[in-house]
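Here the structure is laid out as structure tokens; the discussion comes afterwards.
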Amino acid sequence: MSLSEATIATVKATIPALKEHGLAITTRMYDVLFEKYPETKALFSGAPGEQPKILAAAVAAYAMNIDNLNVLGDAVGRMTAAHVRTQVKPEHYPMVGDALLTAMVDVLGDAATPAILDAWTEAYFFLGDLLIAKEKELYAAQVPA
Ligand code: HEM
């Protein structure tokens with residue numbers, strides 16, 4: 001499955017807003033995530049203070065390369081390694097997706113139009129499914145403790 005041209009165009013159109021508000025969105029995302037899904041908090045116990053900054057950069061990089069995802073190979077490798085190290089599982093992805101979309105609405109207000117939210121929902125789960133598939137391979141390759 002691939003993303004539609006319309007989704008790609010809509011996500012790309014949000015790049016300026018992400019550059020301006022990306023950090024506010026990801027900072028808000030963690031607040032929403034931990035409030036609504038407190039079970040995710042323990043996963044981040046060793047996370048650096050700049051985690052929202054790291055995620056904001058990842059979201060912006062994703063938007064900029066959404067039509068050429070090969071460029072993201074190294075970044076995907078780092079993300080999946082970090083996720084497997086901290087025991088991120090497929091069931092966590094809808095929680096982060098919900099928190100990210102809620103944060104976009106909270107920070108961008110009316111600028112977060114239904115078309116933008118639909119496009120980002122599709123784009124988030126597209127990347128999410130890719131990460132989940134790679135993480136499944138990494139978990140399967142681990143020697144049982
Ligand atoms: C498409 C969705 C996601 C993206 C783009 C993403 C992005 C990232 C990035 C860029 C890092 C830093 C990797 C590094 O160390 O270089 C990271 C680490 C991490 N992510 Fe995600 N992530 C996603 C989904 C999730 C989900 C669903 C969870 C679970 C609640 C999660 C939890 C974590 C944790 C716990 C770390 C490690 C923090 C540490 O350094 O201890 N992520 N993620």
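In listed order, ligands and their atoms are each counted from 1. Computed from a predicted model, the values in this text were never measured in an experiment.
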Is it true that L117 and M95 fall in one hydrophobic cluster, defined by side-chain heavy atoms closer than 4.5 Å? yes

Group every Ile, Leu, Val, Met, Phe, Trp and Tyr by side-chain heavy-atom contacts under 4.5 Å, then state whether I15 and L3 land in the same group. no

[atom1] ([X]) with more than 12 external heavy atoms under 6.0 Å:
X	atom1	value
N68	CG	yes
K12	NZ	yes
K19	NZ	no
E5	CD	no

Residue, atom name and distance, where the atom is the protein heavy atom closest to atom 39 (C) of ligand 1: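 Nearest protein contact, heavy atoms only, for atom 39 (C) of ligand 1 is A47 CA, 3.6 Å.
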
Specify the protein heavy atom at minimum distance from atom 16 (O) of ligand 1: its residue, its atom name, and the distance to 0.1 Å.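 Residue, atom and distance for the closest contact: R78 CB, 3.8 Å.
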
Determine the minimum heavy-atom distance between [X] and [Y], stating which atoms define it.
X	Y	answer
E135	H83	OE2-ND1, 2.7 Å
G49	P52	O-CD, 3.5 Å
L18	A63	CD1-CB, 3.9 Å

So which of F125, F34, F44, Y124 gets nearest to atom 34 (C) of ligand 1, if we judge by its closest heavy atom?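 That would be F44.
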
Check each of T86, L130, V76 against atom 36 (C) of ligand 1 and report the one with the nearest heavy atom.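 It is T86 that holds the nearest heavy atom.
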
Enumerated ligand 1 atoms positioned under 4.0 Å from heavy atoms of [X]:
X	value
L43	29 (C), 30 (C), 35 (C)
G46	41 (O)
H92	27 (C), 29 (C), 30 (C)
R85	39 (C), 40 (O), 41 (O)
L127	1 (C), 5 (C)
I54	10 (C), 12 (C)
Q51	17 (C), 18 (C), 19 (C), 38 (C)

So, at under 2.8 Å, which protein N, O or S atoms would a careful student list around atom 21 (Fe) of ligand 1?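 Protein N/O/S atoms under 2.8 Å of atom 21 (Fe) of ligand 1: H83 NE2.
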
Report, one line per pair, each donor and acceptor closer than 3.5 Å where one atom sits in a side chain of residues 31-42; sequence neighbours left out.
| from | atom 1 | to | atom 2 | distance (Å) |
| --- | --- | --- | --- | --- |
| K36 | NZ | D98 | OD2 | 2.8 |
| Y37 | OH | D98 | OD2 | 2.6 |
| T40 | OG1 | Y37 | O | 2.8 |

Please name all residues satisfying side-chain contact (heavy atoms from CB on, under 4.5 Å) with Q51, sequence neighbours left out, ordered by chain then number. Y30, F44, A47, P48, I54

Test: ring pair (Phe, Tyr, Trp, His ring centres under 6.0 Å). Region: residues 85-122. Which pairs qualify, not counting sequence neighbours?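 Non-adjacent pairs meeting ring pair (Phe, Tyr, Trp, His ring centres under 6.0 Å): zero.
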
Any M95 heavy atom less than 4.0 Å from ligand 1: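 No, M95 has no heavy atoms under 4.0 Å from ligand 1.
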
